[in-house]
Amino acid sequence: MDILSQDIKYLQGVGPNRALLLANELGIKTVGDLLGYYPYKYVDRSRIYQISEIDGNMPYVQLCGQIFSFDTVGEGRAKRLIAHFADGTGSIDLVWFQGIKYAAKSYDCRVPYIVFGKPTVFNGHIQIAHPEIEKAPDHLREQARTTGNLFEGETLNPQPSTLSSQRSALNAQPSTPNAHFRPSYNTSEKMKRSGLNSAAMAKLTANMFNLLKEPLAETLPPYIVQQHHLISYDEAVRNIHYPASSDILRRAQLRLKFEELFYVQLNILRYVKDRQLRYKGLVFNTIGDHFNGFFYNHLPFQLTEAQKRVIREIRADMKSGRQMNRLLQGDVGSGKTLVALMVALIAIDNGCQACIMAPTEILAEQHLATLREFLGDLPVRVELLTGTVKGKKRTAVLQGLVTGDINILVGTHAVIEDNVLFNKLGLVVIDEQHRFGVAQRAKLWMKNAIPPHVLVMTATPIPRTLAMTLYGDLDVSVIDELPPGRKPIRTVHMFDAHRQRIYQLMNRELALGRQIYIVYPLIQETAKMDLKDLEAGFEEIRQAFPHHQVGKVHGKMKPIDKDAEMQRFINHETHILVSTTVIEVGVNVPNASVMIIENAERFGLSQLHQLRGRVGRGADQSYCVLVTKFEIGETTRRRIQVMVDTTDGFEIAEEDLKLRGPGDLEGTQQSGMAFDLKIANLARDGQILNLARDTAQAVIISDPEERNPQNDILWRRLRELRKSNVNWGAIS
Ligand code: ADP
Ligand code: MG
């Protein structure tokens, strides 16, 4: 059996208990899994600092000295162990809050140690919490004992000659871990408590490389490796754990990032190819009475150039003979609903039905009303199907769908239930439904003999790199233009203490007959604390504005009550709506001109942008007030500033991706595409991604039948990766 598939339990230093921890905490079950568990950073251990040199602002440092005494201070949860550590130039405290017993047992006084960690200042004294400690190597031991002139001279900084001899030793025997760059591995609290910290993990990876004497098999075809001047897989994984130099580390990262992104793209593009082979598309050749009747007689305004372009792109798809799978991105208020309607009319002109799905009941109802208003007396029947459409009404709708009397069905995810059958479904529009991953979309296709065309619409701007990965199976259209006459929303940042000024703005707008949203964060709709904020805010507003109607909505309310409250705001029966983010997507109340966001620091940028998009939907000047407390961190300040500076959703999304990383971005969790990348970073590795996509595309085009023996290795690897990756499995 090959070493990589061996149970991790048998690796030297693991055993049954640690094996369990590794599996449960990190999903590492085999030696191969450990090989794929890359360090998250490297520490240059070539330099040893003197205690007299360090301060609380330094990153990780390495010290060499001895512990002189231990103290246990505090009680209960505040209990901690302090070791007084000195090197002859000064002393600091080493502190443990957890694993106290283990630490006290593990280290002795007056033994030369190398101590490694991040210095911080506590009560004016420098300390290192939970340091990594190991016995000082022989050549440092004597010096650690003789305090005083311990760190004079150059003995501790490796001479160039030492370094290069280390390197050549490494070249001769690639499995020897280098002492120069040390890998740091992420481990969980639970693992640390059992002594399985970064240093312990490094011991395990070192033991692993002792086993892996033979070069590891290549995971990309040689022609691709050569084409991009990549280093071999073997060299890359060895150096990703134990880099021989910073240069080779960079090349190892490049190789592994490329490979990772390449396989994600290959998986997506192969899926797209299969889909195209397997399914024909309905051919919509006709532009008939429905479309023309609407376009010439009912369209209340000129389409924007962007809307026209997007409709042309969609039309081209729909007559191509291939099934359309297109993502329509357009900022809030860019007029996507109208595009959806016009495209639906083309489907109807070609003897088909259309279905438009919204994420919530209230939005579905709103779409229904909008579509009916747009259509006026045109002979197009639009009906609603949501969870609350029941009894006779439901039966009638289901009936109308089967007979084909209903042309457009608007609804929530209730429309994908198995008992909802269409006469001939030709188009599905999915509005703001990020949860609709590839697998769910595929379900829709069963609703017609030939799968309907699919248009996914989103107002959440998705940076290109993310879209290529998360929605890589979709073609992309963008509405990059707002309808004319919109005034950009004016955004300001105010502190809690500015309450009176905020009230002034509110009073002014209310006097003009406008409406106002006030939003409170609710990270978890169950968090009682958050709800208390909202209740308190609600009461405060009611008292401050006694002559106005104030409404309140949050996710803990019954859907019926929530909808009723929303409806009251839409009907202008309430003037101020205090709410949580339940109003985030799609709600359209053009008369609302002020959006106040409390604790704005607790929202993501994309979310702030969505919320802000609830105002500025009419022709009037609108305002967005971002309220934070006075003391906010630097990153928060920058994030808020981005919102103040720009209303461009794409710019904001790019910034969000940079500041937070893809895992946190909205919509990423739900897409169903692989995003749990191990080494590539979509915020930074855009160029590598392009290269990977192009390379994968070239493979698919040049070897559509998968007969080229050079590519065998690719398909084999792809199968392996699919087996081990839940997300990938969903689309295979
Ligand atoms: P979103 O893209 O956020 O879904 P909507 O479809 O709700 O945007 O459109 C926002 C508003 O803009 C609606 O009131 C809609 O009627 C209006 N609208 C759409 N297209 C145009 C246009 N070309 N000119 C003027 N107003 C438009
Ligand atoms: Mg919309």
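Numbers here are sequence positions counted from 1. What you see is a predicted model, and the numbers here were worked out from it, not measured in a lab. Whatever order the structure lists them in is the order used to number ligands and atoms, beginning at 1.
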- Give the ring-plane orientation class for Tyr517 versus Phe569, where under 30° counts as parallel, over 60° as perpendicular and anything between as tilted. tilted
- Task: Without swapping roles, check the side chain of Asn423 against the backbone of Leu401 for a donor-acceptor pair under 3.5 Å.
- Result: no
- Which class fits the ring pair His572 and His575: parallel under 30°, tilted 30 to 60°, perpendicular over 60°? perpendicular
- Note on the structure: Value for CE (Met566) from CD (Gln366), rounded to nearest 0.5 Å, stands at 7.5 Å
- Query: Relative to atom 10 (C) of ligand 1, which among Arg486, Lys336, Lys308, Gln302 owns the nearest non-hydrogen atom?
  - Reply: Arg486
- Query: When only distance counts, is Gly330 in polar contact with ligand 1, meaning an N/O pair under 3.5 Å?
  - Reply: no
- Query: Considering distance alone, does some N or O of Leu303 sit under 3.5 Å from an N or O of ligand 1?
  - Reply: no
- Message: Looking at ligand 1, would Gly333 count as a contact under a 4.0 Å heavy-atom criterion?
- Response: yes
- So CD1 of Ile489 and CZ of Arg617: to nearest 0.5 Å the spacing works out to 9.0 Å
- Task: Give the numbers and elements of all ligand 1 atoms closer than 4.0 Å to a heavy atom of Thr304.
- Result: 23 (N)
- Counting from 1, what ligand 1 atoms have a heavy atom of Phe374 closer than 4.0 Å? 16 (O)
- Atoms of ligand 1, numbered as shown, that sit under 4.0 Å from any heavy atom of Thr337: 4 (O), 5 (P), 6 (O), 7 (O)
